[in-house]
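In what follows, a structure is listed as structure tokens, so that the remarks can point back to it.
Along the sequence shown, the residues carry numbers beginning at 1. Note that the structure is predicted; figures quoted are calculated from it, not measured.
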Amino acid sequence: MRLGFLSVLREVTLGALGLPLGRKLCTPPDSRRHPNARTACVPTEPSAIATVTVTAAAREHDHEHHHEALGLLTLADVHFGRARAVLSYSLSMLLLESCVELPTVPECRVECDSKLDCPSGTTCHRDGYCHGTREETCLEGYRQVAAGRSLTCGIRTSGELWCWGHWDRWQAEDTEKERRSVPIRVGGTAKWLSVDAGWRSACAIRDDSTLWCWGEDEAAEIVRGNGDMVEVLPGRAFKFVSVGGNHACAIDVEGQAWCWGRNNSGQLGLGLETSDADPPVSPQKVGDANDWTSISAGDGCNYENNCSSDSHHTCGIRGRSTLWCWGVFSHGEETKTHVHGEPQQVDADTDWVDVQAGHDMRCALRADGSVWCWGSFGRDRDRDVGSTDVARVPILVESSVAFEALSLSSKHACAIARIDHSLWCWGDNRKGQLGDGSSLQRKEATQIGVDKDWSSVAAGTWHACGLRKDGTLWCWGSNNDGQLGIESETRKTVPGPNPADALGDWRFLAAGWGHGCGIRADNTLWCWGDNSEGALGDGTMRARASPVQVGGEKDWQQACAGTRHTCGIRQDGSLWCWGGNSNGQLGHGALNAAVAEPARVGDSAWKSVSCGGAHTCGIQADGTLLCWGGKLGIKPRPRDESKAWTAVSARSTRAAALRGQGELWDTGGDPQELLFRPIAALAPTAPTDWVSVAQGDERGCALRKNGQLGCWAYSGSDPDGLENWFQKISDASWNALAASPTHACGLQGTKLLCWGNGTEGELGVGHLTVNWTIGGGVDGGVDGEWDSASPGSGFTCALSGGQRWCWGNNALGQLGNGEGALSVPLMVSRRPHQ
């Protein structure tokens, strides 16, 4: 949850430079909370201690003028109490001048009482400032961001504090909403230097160095009650704050550390005598040391609401870059976890520059740019990240680059490369919090995207956010509580054209469980989304947020997408399957052997194929129906001796098919046996003139020659029977039909309607719902017209005028929109909430 920056200047004694002894430079922890701060004050008394840190803005501003004089220190931000000025001279001038100033950034904000006060292209809003194109490109950037559990906060270049996401009680204009999907200003008109967000509370340091906290949990014990901002230790100046899961800590300008909240495992550093039964009512000083430069309060509970005692810990860095931890943490080669009520030095090294405490692990950054982690990341890299294997001493995180910034949350971490400012993440990725467009965990640091202009990063419990050098803020991962600030629900619930498609030349779509596929006008096959078992057919197991071509062939006629496998038929009638094969669903005669590229199934010619969960069905050119996978065998086998089968639809556990002149058959009994039986035998009123069929898990639908739509539901007590049968759903004439395991879509002319389970937004109606009755149509499409639809598991893709539109769940990149609303960085709107 905490934001970290590389401290590039080690503590040095200046006596060797012929200056008064006792004056020294050290790295301030507060620069990590406000990296673009532009004011400081150089001491005038010989014994004063100056703290110096490179700022993100400085690296750009004065690189050419100062890097020779200061080495890595191109521009310093030096803090002494509440007095501030800016240092932009060489090291020698730093020591001789008492105060210097850096030219300020041009002010873009214009105050207004009416539109007449605003420049052209801007409008006066109720916050008293002009907003518009000019303002958005100049004013609305961010200079610091903090990510908590379901809350995100950022400080804009103007110094204002803005937050979004879930909060038990908002300290803002509108206190009634618990969730805000777009940033809203908090803390009034005050200017802020830094902010940190935790489990249910947050703290921020104002430009006068006062510390303010708000929230409703143990970490905000001193402000429990109404959630409003309350000053912490009035009269004391602070330079750094860290909010954890059930406690918080801060460092004052004198270098003293203070902690408050729960102390059930000694995480406050006050010893083990203080218990939860008698917690301190105000922040308490941690020991007698006055040389703390960084502190990090553990995250407390992970995203599974697991609040084990392993999370009750705190770590920090003192004077000469020594690393200390207390509370519950693994220490040394012992086989058990220890509880320490007071700070304990982790090792004897003196080159640590940053430390981050997560749920049940810790990571620290060395001066050489290497990252070391210990705790549940695990000593054995062949094990899963977050396994029960515990590394009791810091273990090097494998990476090809050196880092300058580090942020750690529950079970994932992100860092920024020192040289090219690229973004790297590793760890758990079940919510897309690594930002690589997948849900695959990464055991080693993995580069996220190709951009090389990141200035800072903040990892939250389920999400993460990062700042680019242009001041834009990007967030990715879970958005269940609006913590991404992207003005949308967790999922893309309404249709939209996919920006990843440069050409509107799609002619066929197939949607599966976590991936989709499509055929373009040139008969090339493309797939996107989950690729954990090779279902995308590109020869890798790497998830793709945008379509990737399957091979180089240009003769694909149709395809189907299953749970984790894909099949397709080419112009010569050959059938090809690839992806997961744990149940023999590929039909290659093998088991438990995933295939990442298309492999031919037999030598026969096929006219259709349908992919289910653990099985696949297809109809050969001579009309023979064959199925395979699970109990059906690892090779295709005929379902009966008939050669009159015309269509088949397989889904997760069932299948339906058409035979002869329109007889409708489906499977009952043990779904894995796929024993087809005629619907007419169980429902005598059922018609026998069907032309297409769409099978779901518990329901099925079929389309008649006259355009009527009929659906049925399976009986919960009798799997061989039917619970309900509807001879006719609508008087309107239907011309197309398709279904997923849990929802279906159909076309009435060019009007698209979807019904069934819509809890993932797959119905395309703009909200999450369940509707088994035909309702309103799906808006969108080219000129409001649709050509076809393909429902998947929790999402839907459709064609309109050759354009591909997708909506619903996108946790695995299955929308193929090149953005991945849950799994790759999305820019938070610069426009303030009005």
Original post:
Hey, is the main chain of T773 close enough, under 3.5 Å, to the side chain of N771 for a donor-acceptor pair?
Top reply: yes
Subject >> Aromatic W556 / basic R570 pairing, under 6.0 angstrom, 45° off normal >> reply: yes
Original post:
Are D697 and R654 within salt-bridge range, i.e. N to O under 4.0 Å?
Top reply: no
Original post:
Ignoring hydrogens and geometry, is there a side-chain-to-backbone donor-acceptor pair from N757 to T742 under 3.5 Å?
Top reply: no
**OP:** Give a yes or no on this: more than 12 heavy atoms of other residues, nucleotides or ligands lie within 6.0 Å of atom CD of Q571.
**Re:** yes
Original post:
Can you find a pair of side-chain heavy atoms, one from W807 and one from F795, that are under 4.5 Å apart?
Top reply: no
**OP:** Return yes if some donor-acceptor pair links the side-chain N/O of N581 with the main-chain N/O of A590 below 3.5 Å, else return no.
**Re:** yes
Subject >> Stepwise side-chain contact (heavy atoms from CB on, under 4.5 Å) check, I619 with T646 >> reply: CA-CA 7 Å; I619 298 177; T646 59; 5.6 Å; no
**OP:** Given salt bridge (Lys or Arg N to Asp or Glu O under 4.0 Å), test R659 with D640 step by step and report yes or no.
**Re:** CA-CA 12 Å; R659 194 172 78 171; D640 59 18; 3.3 Å; yes
**OP:** Kindly determine whether S604 and Q620 satisfy side-chain contact (heavy atoms from CB on, under 4.5 Å), including the steps that lead there.
**Re:** CA-CA 7 Å; S604 302; Q620 292 182 340; 3.5 Å; yes
Original post:
Partners of K643 by salt bridge (charged side-chain N to carboxylate O under 4.0 Å, His left out), sequence neighbours excluded?
Top reply: D622
Original post:
Do the non-hydrogen side-chain atoms of T796 and C745 ever get within less than 4.5 Å of each other?
Top reply: yes
Original post:
Are side-chain heavy atoms of L434 and T446 found at a separation under 4.5 Å?
Top reply: no
Subject >> Pairs touching residues 588-616 that satisfy salt bridge (Lys or Arg N to Asp or Glu O under 4.0 Å), sequence neighbours left out >> reply: none
Subject >> P678 side chain reached by E663 side chain, heavy atoms, under 4.5 Å >> reply: no
**OP:** Verify, without hydrogens or angle tests, whether D530 (side chain) and L812 (backbone) share a donor-acceptor contact under 3.5 angstrom.
**Re:** no
Original post:
Does any N or O in the side chain of Q803 come within less than 3.5 Å of the main-chain N or O of G801, such that one atom is a donor and the other an acceptor?
Top reply: no
Original post:
Is it the case that R699 places NZ or CZ above or below the six-membered ring of W712, under 6.0 angstrom from the centre and within 45 degrees of the axis?
Top reply: no
Would you give me the side-chain donor-acceptor pairs under 3.5 Å for residues 559-566, sequence neighbours excluded?
{"from": "H565", "atom 1": "NE2", "to": "T616", "atom 2": "OG1", "distance (Å)": "2.8"}
{"from": "T566", "atom 1": "OG1", "to": "H515", "atom 2": "NE2", "distance (Å)": "2.8"}
{"from": "T566", "atom 1": "OG1", "to": "A535", "atom 2": "O", "distance (Å)": "2.8"}

Original post:
With distance as the sole criterion, is a donor-acceptor pair present between the side chains of D572 and S574 under 3.5 Å?
Top reply: yes
Subject >> Donor on one side chain, acceptor on other, T524 and W526, under 3.5 Å >> reply: yes
Original post:
Does any non-hydrogen side-chain atom of E444 lie less than 4.5 Å from one of V397?
Top reply: no
Subject >> W786 and S800, any side-chain heavy atoms less than 4.5 Å apart >> reply: yes
Original post:
If we ignore angles and hydrogens, is there a donor and acceptor under 3.5 Å between the side chains of N809 and E760?
Top reply: yes
**OP:** Check the pair H588, V595 against side-chain contact (heavy atoms from CB on, under 4.5 Å), reporting the backbone distance first and the verdict last.
**Re:** CA-CA 10 Å; H588 297 155; V595 178; 4.1 Å; yes
**OP:** Would you tell me whether C425 and C414 have their SG atoms within less than 2.5 Å of each other?
**Re:** yes
Subject >> Residues that R544 engages under salt bridge (charged side-chain N to carboxylate O under 4.0 Å, His left out), provided they are two or more places apart >> reply: D538
Subject >> Minimum side-chain heavy-atom gap T750-D787 below 4.5 Å >> reply: no
Original post:
Hey, does the side chain of S546 reach the backbone of G816 with a donor-acceptor pair shorter than 3.5 angstrom?
Top reply: no
**OP:** Output every pair passing ring pair (Phe, Tyr, Trp, His ring centres under 6.0 Å) with a member in residues 620-652, not counting sequence neighbours, ordered by first then second residue.
**Re:** W606-W628, W645-W665, W645-F676
Subject >> H743 versus S740, side-chain donor and acceptor atoms under 3.5 Å >> reply: yes
Subject >> Minimum side-chain heavy-atom gap Q549-L525 below 4.5 Å >> reply: no
Original post:
With no hydrogens and no angle check, is any side-chain donor or acceptor of N531 less than 3.5 Å from a backbone partner on R542?
Top reply: yes
**OP:** Please list, chain by chain and in numerical order, all residues satisfying salt bridge (charged side-chain N to carboxylate O under 4.0 Å, His left out) with D522, sequence neighbours excluded.
**Re:** none
**OP:** Could you tell me whether K705 and D689 have a side-chain N and a carboxylate O separated by less than 4.0 Å?
**Re:** no
Subject >> Pair F508-Q558, side-chain contact (heavy atoms from CB on, under 4.5 Å): steps then yes or no >> reply: CA-CA 7 Å; F508 179 91; Q558 62 171 286; 4.1 Å; yes
